[in-house]
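These figures come from a predicted structure and were not determined experimentally.
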Amino acid sequence: MSTYGFLTTHHPFEVKTHKLKMVPKQSFLQVPKTHFRRWACSVTPKSNTQSPLREVFSSEPKQPSYQKLDRVVCKFGGSSLADAGRLKEVGKLVRMQLEKTQRYPVVVLSAMGTTTNELLQAGELALKEGIVDISSIRKRAYQACEELHLSKEDLVDPLLTTLDQLLLGIKFIKELSPRTKDYLVSFGERLSVRIFAAYLRQSEGLPTEPFDAFDLGFVTNSHFTNADLLEESFSRIRDCFERLVQQHTLAVVTGFIAKDKQGNITTLGRGGSDLTAAALGAALGCSEVQVWKDVDGILSTDPRIVSDAIPVPFVTFQEAFEMAYFGAKVLHPIAMQPAMRHNIPIRVKNSYNPEHPGTVIKSRREHPSENPVTAISLKRKCHLVDIESTRMLGAHGFLAELFKVFGERRVSIDVIATSEVSVSLTLDPKAFDTRDKEELEVELSKIASVQFSGEKAIISLVSNVSRSTEILARAMQVLWKENIDVEMISQGASKFNISFIVEDTHADAAVRALHGEFFRHS
């Protein structure tokens, strides 16, 4: 494709294009008698505290009090930025966005490719073996600069020199604290925005500047490696962008990183770059936050299990939260919070297939879905705990004592079911180990008899609550035909999911059978 021409502008977010060329396109069944042990009607996301999203879900989305611009935030992940070729493609996507909206988008970038993992490995190597080696990081940055005809001496050498000095400090001091680790991994995003902004400025003629998010108002607490964005960030972001508007700048912003009030670099944990994008969209009143990945939006289930999994065109924030919590590769719930609160749609798109519309996440459905099930999520390797006490179950304070045990050890509970004489629940495998099991057995045995069983899987049908009877009937029929025993059933308190507990060895077969039942006509 030939060059794209040039741009002229009279307003910082109004763009007139000249000679701009588009990128080329690339039956309701009777419920049988099946085996299950427990029924319930609630899901408890955390054992010790109320879900931080509960308040968000229970209230109406806030409407922005400032003027909404026809402007979007475009976030690109590491796989979309793997090398110079991918950076060029992302540049085309930014161009396409300019033509569609006639506004400068705000671009948010992760680190290029596997840079974050390489930085962490470099830190461990310096700490444990006293070796300072950033050859893979330097090679990726240099190759990108050379292929994009950029000056590596001006763009990346200053950061790489500082990175070398940091690793030397780790080597001699023999310390790699969470605070130092956050500083270390920040070099990935800081390198990527400088390279990409220079490419847009030099090759595309756009008035582009790289910005570290902490210079645009992002401030967090000091929980290093998993910091929380503070509420004051939103007004600070608006103030910073008011100054940027006067400078006629297309901002390319680091995802994932911020600073605490003491000036230390922090990282936002899992989904941190998505949170950066959502926070920008909410603070600036953008019309949409686009998250560009390497799949065609949110899929109906894990494509590694079901090869013909299909993209889901629309989900609500509540549905997306349920999918993410129970194992789906969706945006992290925390990353969606700013967009939910300010009623900003999020669109998940594929940077390798930009013509696909992707999946839109919004506050509510405009039209009811014909399919009662939106998607199927799977969470593996869970632990099932059976707690039985004929003496204390009906007694005042029994459940309070029970959850106190889990809360004091910060062990998360996924699904819970109660009967007249017993409580059964599943534990999050990521927050549970052998030591936790031993301590829990000791403490729980003081008030009840306890039995642990591992290797369980939670299969969640994110679904239409008004059709739950139909969903249960069809699901149980399918699992009965596959001779899969259901050990526990729960309908979430949010009413957006129905979960089944099965043996982990049966999980793949169960997901395939359920997907065939609910998505065969899609």
Side-chain angles (χ1 to χ4, degrees), residues 48-49 52 78 109-138 140-141 156 158-194 211-233 236 253-276 279 332 334-335 408-412 428 430-436 439:
N48 55 335
T49 58
L109 300 184
S110 298
M112 294 176 60
T114 57
T115 300
T116 299
N117 289 336
E118 292 167 2
L119 285 165
L120 291 171
Q121 291 167 6
E124 292 296 327
L125 191 65
L127 177 69
K128 296 177 180 179
E129 300 183 29
I131 298 174
V132 174
D133 181 11
I134 61 170
S135 56
S136 62
I137 301 161
R138 179 179 282 109
R140 178 181 288 106
V156 301
L159 279 175
L160 292 176
T161 299
T162 305
L163 175 59
D164 259 328
Q165 294 170 348
L166 173 62
L167 290 171
L168 280 170
I170 294 171
K171 170 185 174 179
F172 289 116
I173 299 176
K174 299 294 183 183
E175 179 268 337
L176 185 56
S177 65
R179 182 177 68 172
T180 304
K181 191 173 292 186
D182 275 0
Y183 182 35
L184 174 64
V185 299
S186 74
F187 285 88
E189 280 73 17
R190 293 157 72 192
L191 284 167
S192 68
V193 299
R194 283 155 176 80
F211 291 93
D212 296 325
F214 45 73
D215 290 331
L216 294 179
F218 281 78
V219 60
T220 70
N221 58 22
S222 299
H223 295 165
F224 297 104
T225 74
N226 192 27
D228 297 318
L229 196 63
L230 300 183
E231 186 65 28
E232 65 192 72
S233 297
R236 290 164 59 112
V253 185
T254 56
F256 187 54
I257 64 175
K259 279 186 177 180
D260 64 10
K261 291 189 173 183
Q262 288 71 46
N264 301 302
I265 291 179
T266 59
T267 60
L268 302 176
R270 181 185 167 196
S273 292
D274 296 336
L275 175 57
T276 302
H332 193 278
I334 299 301
E408 288 176 344
R409 284 151 189 82
R410 303 180 66 84
V411 175
S412 298
D428 187 341
K430 296 179 181 178
F432 182 78
D433 56 28
T434 302
R435 182 179 177 181
D436 291 322
E439 292 181 356

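Remark: the backbone N or O of F256 is paired with a side-chain donor or acceptor of T276 at under 3.5 angstrom. S192 contributes a side-chain N or O that, together with a main-chain N or O of S110, makes up a donor-acceptor pair within less than 3.5 Å. In terms of modelled atom types and a separation under 3.5 Å, the side chain of D212 and the main chain of F214 share no donor-acceptor contact. Side-chain N or O atoms of T267 include none that pairs as donor or acceptor with a backbone N or O of D182 at under 3.5 Å.
Checked options K261, Q262, R179; the residue passing with S222 is Q262 (criterion: side-chain contact (heavy atoms from CB on, under 4.5 Å)). Partner of F187 under the side-chain contact (heavy atoms from CB on, under 4.5 Å) criterion, chosen from L160, T115, I137, L163: L163.
Annotation: the span from L191 atom CG to R140 atom CZ amounts to 10.5 Å, rounded to 0.5 Å. Annotation: the span from T266 atom OG1 to L229 atom CG amounts to 8.5 Å, rounded to 0.5 Å.
What you find for D228 and H223 is that their closest heavy atoms are OD2-ND1, 3.8 Å. Scanning both residues, T220 and A258, for their nearest heavy atoms gives CG2-CB, 3.5 Å. Closest non-hydrogen pair, A126 versus I170, comes out as CB-CG2, 4.1 Å.
Taking 4.0 Å as the cut-off between side-chain N and carboxylate O, D164 and R138 count as a salt-bridged pair.
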- Under the side-chain contact (heavy atoms from CB on, under 4.5 Å) rule, what do T162 and Y183 come out as? Steps first, then yes or no, please. CA-CA 11 Å; T162 305; Y183 182 35; 3.5 Å; yes

